[in-house]
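Just the heavy atoms: all of them, side chains too, but no hydrogens, waters or symmetry mates, feed the values below.
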Amino acid sequence: MHEYTSTARVWGLTCPGFPEEVSRARRWTRDILRGSPLAEDAELIVSELSANAILHTASGREAGSFHLALAVSSQVVALSVTDGGGAGTAPKAEHQDQEAEHGRGLGMVSAIAHRVVIHDSDGGHTVTAELFTDVRRGGHPC
């Protein structure tokens with residue numbers, strides 16, 4: 001294979017910042033990953049990241065939106081949610097009490113995903129969660 005050839009397939013979706021769009025994001029993810037053993041985890045991750053964008057950033061304000069990207073290759077499923085910014089601080093995983101009603105979403109994403117990367121930009125934040133298709137014990141890719 002040529003070094004610049006990629007076998008990854010990439011999809012994108014921009015959603016208005018309404019709470020009901022979280023279920024749309026889940027359905028979109030489920031439809032793309034239908035039949036994949038990673039579909040349920042990916043759907044949960046997209047749900048949490050989309051809800052966080054709406055609840056904690058300008059994405060949830062009037063005329064706000066968030067963007068989803070889903071990349072699938074034979075080695076990884078990568079899910080990214082880009083928010084509208086305006087939160088003041090970057091998203092971070094916080095370890096909350098099991099009974100806490102808020103603040104556990106990104107921690108849960110970090111527990112499910114094999115890797116989570118947060119990118120800051122002037123226009124917002126992008127949280128990318130990666131699920132490796134072939135993982136050895138201890139969470140490391142083969």
Can you check whether V72 reaches L33 side chain to side chain, under 4.5 Å on heavy atoms?
yes

Note, V46 side chain near L70 side chain (heavy atom, < 4.5 Å):
no

For [X], give me all partners under side-chain contact (heavy atoms from CB on, under 4.5 Å), at least two apart in sequence or on another chain.
X	answer
S65	T14
V10	A71
L13	C15, R24, W28, L68
I45	L49, L79, V109, I112, A113, A129, L131

What residues form a salt bridge (charged side-chain N to carboxylate O under 4.0 Å, His left out) with R27, not counting sequence neighbours?
none

Could you check whether any side-chain N or O of [X] sits under 3.5 Å from a backbone N or O of [Y], counting only pairs where one atom can act as donor and the other as acceptor?
X	Y	answer
D83	H125	yes
S59	G84	yes
T133	S74	yes

Atom CD1 in I32, atom CD in E43: separation rounded to 0.5 Å?
11.5 Å

Identify the heavy atoms of [X] and [Y] that sit nearest to each other, and give their distance.
X	Y	result
F66	P16	CE2-O, 3.6 Å
S47	R26	OG-NH1, 3.3 Å
H114	F132	ND1-N, 2.8 Å
G17	I54	O-CG2, 3.7 Å

Examine F18 and L55 and state if one hydrophobic cluster contains both, with Ile, Leu, Val, Met, Phe, Trp and Tyr joined whenever side-chain heavy atoms are less than 4.5 Å apart.
no

So if you build clusters from Ile, Leu, Val, Met, Phe, Trp, Tyr with side-chain heavy-atom gaps below 4.5 Å, do L44 and V117 land together?
no

Could you go through I118 and L106, starting from their C-alpha distance and side-chain angles, then the distance that decides it, and tell me whether this counts as side-chain contact (heavy atoms from CB on, under 4.5 Å)?
CA-CA 11 Å; I118 300 169; L106 196 50; 4.0 Å; yes

Do any pairs count as a salt bridge (Lys or Arg N to Asp or Glu O under 4.0 Å) and have a residue in residues 66-78, sequence neighbours left out, and if so which ones?
none

